[in-house]
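Residue numbers count from 1 along this sequence.
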Amino acid sequence: MQKLFVLLFFLICPLLIFAQQKGSIIKIVSSDRITGDMKKKVNYLRNPVFQQDNATLTCDSAVFYTERNYFEAYKNVHIHQLTTDIYSDELQYDGNKKHAHLTNNVKMVDPKSTLTTNILDYDMVAKIGTYTSGGKIETQDVVLTSKNGYYFNNSSDAYFRYNVVVVTPQSVIKSDTMRYNVDTKWTYFYGPTNIKGKDDNLYTENGAYNTLSEDAYFGKKNLYTQDTKSLKGDSLYYYGKIGYGKAVRNIVFTDKKDGTKMYGDLGFYYKADQRTLVTKNAYVDLISGDSVTVNNKKRPDTLRLGADTLETQMSLQKTLKLIPKISVKADNEIGEDEEDAPKTEKETTDKIAPPTNKGQKLPVRGGKEPKSKREEKLQAKKTINIPDNLTDSLKTKVDSAALNLGKAKTDSLVGKAIKITDSAKKKPEKIAAVLNKLPKVTPDSLLKNMPKTIKDSLNKQVKKVKTDTVVFNPADTVTTRVIRAYHNVKIFKSNIQAKTDSLFYTSADSTLRCYGNPIIWSEGSQVVGDTIYVQFKKNKLNNLQAFKNAFLVNTPADSLRFNQIKGRYMTGFFADGKLKTLYVDGNAESIYYTQDDSTKVYKEMNQTLSSRIKFTFKNNDIDDLVYINSIEGALNPENKVPKDNILKGFSWKPKERPKSKKEAIGANGIKKAKVKTTPPAKTTAKGSAITKPTTLKTPGVKPATQKGTSKTDSLSNFGIKPILPKKDSTKVTPPVTVKP
């Protein structure tokens with residue numbers, strides 16, 4: 001009966017093939033056993049091999065519905081189609097639609113990746129695999145998991161939804177919606193995404209990232225964080241292998257550690273030296289300890305610094321020449337603040353190891369402390385101090401003596417050393433006399449009689465030790481943030497404003513160094529000079545220093561008269577954010593108008609020349625002045641003095657003064673700076689160093705120096721020591737921008 005069924009089955013097959021479209025019918029290539037039900041048109045097969053077009057399907061057992069061109073397969077299911085293999089425990093296959101529904105322990109393998117899941121729907125024509133109950137794709141370097149997935153075998157694209165996690169050697173990516181291409185290694189994000197690196201994290205809601213080259217683009221709600229630093233921007237581009245990035249529009253760079261916030265519309269990042277450069281509406285906000293009252297509420301008085309181009313990076317503190325904090329000493333002398341001045345070696349030693357008598361050897365006779373230096377020397381000769389390493393010291397003497405006396409006497413010296421060691425243990429008081437019997441050997445005698453070959457060998461070893469020995473100092477690894485500003489630099493704070501061509505700032509000494517025609521305004525005063533320092537202490541405005549051609553103009557709000565002060569060096573001190581005292585040193589000149597205390601009517605003009613003048617301010621106006629040295633001057637009635645009487649070098653520029661934080665924001669730095677560079681070159685396969693962008697010199701950025709300072713300055717005649725700018729590595733260099 002069974003043979004008859006098999007015969008009838010093969011007779012019916014040609015009719016089924018004729019009824020179906022060519023190439024769409026499922027063929028049974030072989031089977032260990034076939035049984036069936038003719039009424040239900042169902043066949044039961046053991047270890048069958050099915051074939052349809054270019055696909056071969058095998059399993060342990062199957063139920064084949066011939067009329068529907070459909071079968072169900074169980075255990076060790078295997079579909080082989082060209083270079084793709086799919087495995088599962090169960091399969092439902094529709095030959096008309098060429099659709100496979102696989103369940104339990106599903107695994108799809110191709111030369112590029114392996115997909116594992118519990119339920120997979122696979123289209124044999126389009127070669128598209130779909131899962132909705134969780135799956136994982138593994139490639140050589142990437143492991144990807146998600147709840148839903150759609151894998152396109154022809155294009156090597158895969159789409160994922162919900163709880164998407166990608167693990168690469170460099171990062172872990174978590175996303176809501178994502179597409180990944182196995183060939184190109186590009187990952188595309190279409191929803192909230194976090195890319196977690198070894199020490200950083202990036203959040204975006206739209207972008208692309210290459211897991212192989214580490215290149216990336218992010219275009220929506222981007223936030224990059226690393227330690228205390230963060231970066232925002234409408235568009236972020238990053239080239240991971242060369243460590244170069246670009247940010248476009250609404251850039252915000254923040255460092256919570258030093259309270260820095262930098263803004264702009266075009267920025268560039270260089271990972272090699274942790275340098276960030278910002279142009280187009282660039283400005284930075286520095287948090288200060290001062291406060292302002294707005295709508296009856298106190299708010300931090302943030303200092304805003306704007307420029308055409310801003311640059312910030314982390315630098316080793318040991319490479320910078322820091323400006324010390326200054327204060328007024330006795331007799332109006334200006335010097336370093338004792339709180340911040342470094343301790344001398346003696347002061348440090350005394351604090352660490354105070355003198356003590358503990359552990360000292362006492363003389364044998366009497367055991368009393370000597371009363372004079374002479375007695376102390378005599379007692380020291382009679383003091384017995386036996387070293388613990390007696391044997392080692394004797395051996396060293398023997399070895400040294402052997403070089404001078406020759407090997408012939410070495411054996412006898414060794415014997416003596418052994419006897420001395422034994423006797424020292426029994427009778428320590430005789431050790432001094434025994435030691436004196438040994439031949440006296442000095443370094444000079446050893447070197448004199450030493451063979452030349454030995455001398456040369458020793459010299460080489462000494463040089464090598466000096467070269468190789470490096471004392472580690474933890475302070476050498478301390479880093480600090482520096483900020484450089486170029487072209488049209490403006491500063492706005494409620495109690496101080498400034499304009500200059502270039503500026504350097506470091507949080508290590510909290511000092512703004514202004515170069516290139518700097519102008520500082522504070523309330524009713526204006527200060528100019530070749531170089532000006534503005535220093536903060538505990539985040540509060542502390543002092544101002546102007547060097548070379550320093551000139552201060554002060555005018556009351558309701559007057560057209562100008563109080564004028566000029567000199568070589570000018571040092572002003574602030575209290576509660578207001579200028580309180582000012583010292584002018586070196587050929588100091590002043591024109592000062594006095595007022596009647598009751599009527600406030602101007603009475604006289606005081607014109608004075610001195611080597612040093614001290615001014616005190618009250619309510620933003622000059623209240624008093626003290627002539628410290630070499631006074632020459634004249635007092636004239638105010639009505640007999642021309643109102644335009646000015647000192648040489650007079651400058652008054654209120655129109656250039658920033659009046660708000662908005663006016664301090666920089667302009668388009670690219671057009672004005674006119675400097676271009678190319679991005680850093682990519683590293684070669686051999687690991688060659690990254691090529692840094694070429695820095696182009698821009699005229700007009702020349703930090704002031706002190707080469708012209710005379711050693712015979714009148715200041716030195718009176719013991720006055722003003723703090724001068726030092727030649728250091730903090731000089732401002734021209735900016736570098738990158739061609740977008």
Side-chain angles (χ1 to χ4, degrees), residues 197 199-200 202 214-216 224-233 236-248 251-280 282-286 305-320 477-487 489 502-508 512-513 666 669-670 673 675-683 689-698 701 703 728-740:
D199 59 351
D200 55 3
L202 188 139
E214 299 179 47
D215 295 342
Y224 174 81
T225 56
Q226 182 184 29
D227 297 328
T228 60
K229 299 179 285 292
S230 66
L231 173 66
K232 291 182 180 179
L236 299 181
Y237 304 83
Y238 188 66
Y239 305 92
K241 293 294 185 183
I242 59 176
Y244 163 73
K246 183 172 74 170
V248 181
I251 302 167
V252 182
F253 174 79
T254 306
D255 192 341
K256 295 180 180 179
K257 184 178 180 180
D258 51 24
T260 303
K261 272 195 173 185
M262 184 176 289
Y263 303 83
D265 283 333
L266 182 62
F268 307 93
Y269 174 70
Y270 303 88
K271 188 176 182 180
D273 51 5
Q274 299 185 51
R275 182 165 58 97
T276 303
L277 186 144
V278 180
T279 63
K280 287 188 178 181
Y283 65 97
V284 59
D285 284 344
L286 301 175
L305 166 63
D308 287 354
T309 303
L310 287 176
E311 184 182 54
T312 179
Q313 72 179 124
M314 300 301 294
S315 300
L316 286 173
Q317 189 166 308
K318 69 175 184 178
T319 63
L320 306 174
T477 62
V478 176
T479 59
T480 184
R481 179 165 300 284
V482 299
I483 297 174
R484 300 179 180 89
Y486 313 99
H487 308 303
V489 182
S502 58
L503 177 143
F504 179 91
Y505 171 83
T506 173
S507 57
L512 297 166
R513 301 160 174 82
I670 289 184
V675 288
K676 296 180 180 180
T677 64
T678 56
K682 293 186 177 181
T683 53
I690 296 174
T691 304
K692 294 183 178 180
T694 305
T695 303
L696 303 181
K697 294 185 178 180
T698 303
V701 185
D728 53 37
S729 59
T730 61
K731 292 181 180 179
V732 178
T733 55
V736 177
T737 58
V738 181
K739 185 178 181 180

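- Between Ser230 and Thr225 the shortest heavy-atom distance is CB-CG2, 3.8 Å.
- When atom types are taken as modelled, the side chain of Ser502 and the backbone of Ala485 share no donor-acceptor pair closer than 3.5 angstrom.
- Heavy atoms only, all atoms of each residue included: Ala282 and Leu310 are closest at C-CD1, 3.8 Å.
- The distance from the CD atom of Glu311 to the CG atom of Leu277 is 5.5 Å, given to the nearest 0.5 Å.
- Here Asp255 does not pair with Lys257 in a salt bridge; the nearest charged N to carboxylate O distance is not below 4.0 Å.
- Val489 and Ala307 get closest at one heavy-atom pair: CG2-CB, 3.9 Å.
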Exercise. Begin with the C-alpha distance, continue with both residues' side-chain angles, and end with the deciding distance and a verdict on side-chain contact (heavy atoms from CB on, under 4.5 Å) for Thr312 and Phe253.
Key: CA-CA 10 Å; Thr312 179; Phe253 174 79; 4.1 Å; yes

Practice problem: Would you please test Leu266 and Val248 for side-chain contact (heavy atoms from CB on, under 4.5 Å) and show each step? | Solution: CA-CA 5 Å; Leu266 182 62; Val248 181; 4.1 Å; yes

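- Residues meeting the side chain to side chain contact (heavy atoms under 4.5 Å, CB included) test with Thr480, sequence neighbours left out: Gln317, Leu320, Thr506, Ser507, Ala508.
- Applying the side chain to side chain contact (heavy atoms under 4.5 Å, CB included) rule to Leu512 yields the partners Leu303, Ile491, Leu503, Tyr505, Val534, Phe536; only residues at least two apart in sequence or on another chain are considered.
- Applying the ring-ring contact (aromatic ring centres under 6.0 Å, His included) test to Tyr238 and every residue at least two apart in sequence or in another chain returns nothing.
- Under 3.5 Å, the side chains of Tyr270 and Gln313 contain no donor-acceptor pair of N or O atoms.
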Exercise. Evaluate the criterion side-chain contact (heavy atoms from CB on, under 4.5 Å) for residue pair Gln274 and Gln226; output intermediate values, then yes/no.
Key: CA-CA 11 Å; Gln274 299 185 51; Gln226 182 184 29; 5.7 Å; no

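- Residues satisfying the ring-ring contact (aromatic ring centres under 6.0 Å, His included) criterion with Tyr283, sequence neighbours excluded, are Tyr263.
- In this structure Ser315 satisfies the side chain to side chain donor-acceptor pair (under 3.5 Å) test with no other residue, sequence neighbours excluded.
- Taking each heavy atom of Tyr224 and Leu202 in turn, the nearest pair found is CD1-CD1, 4.0 Å.
- The distance from atom CE of Met262 to atom NZ of Lys229, rounded to the nearest 0.5 Å, is 13.0 Å.
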Practice problem: Tell me, with the steps shown, if Asp308 and Thr279 meet side-chain contact (heavy atoms from CB on, under 4.5 Å). | Solution: CA-CA 6 Å; Asp308 287 354; Thr279 63; over 6 Å; no

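- Rounding to the nearest 0.5 Å gives a distance of 12.0 Å between NZ of Lys256 and CG of Asp227.
- When the ring-ring contact (aromatic ring centres under 6.0 Å, His included) test is applied to Tyr269, no partner is found at least two apart in sequence or on another chain.
- Contact of the Leu231 side chain with the Thr276 side chain is not registered, since no non-hydrogen atoms from C-beta on lie closer than 4.5 Å.
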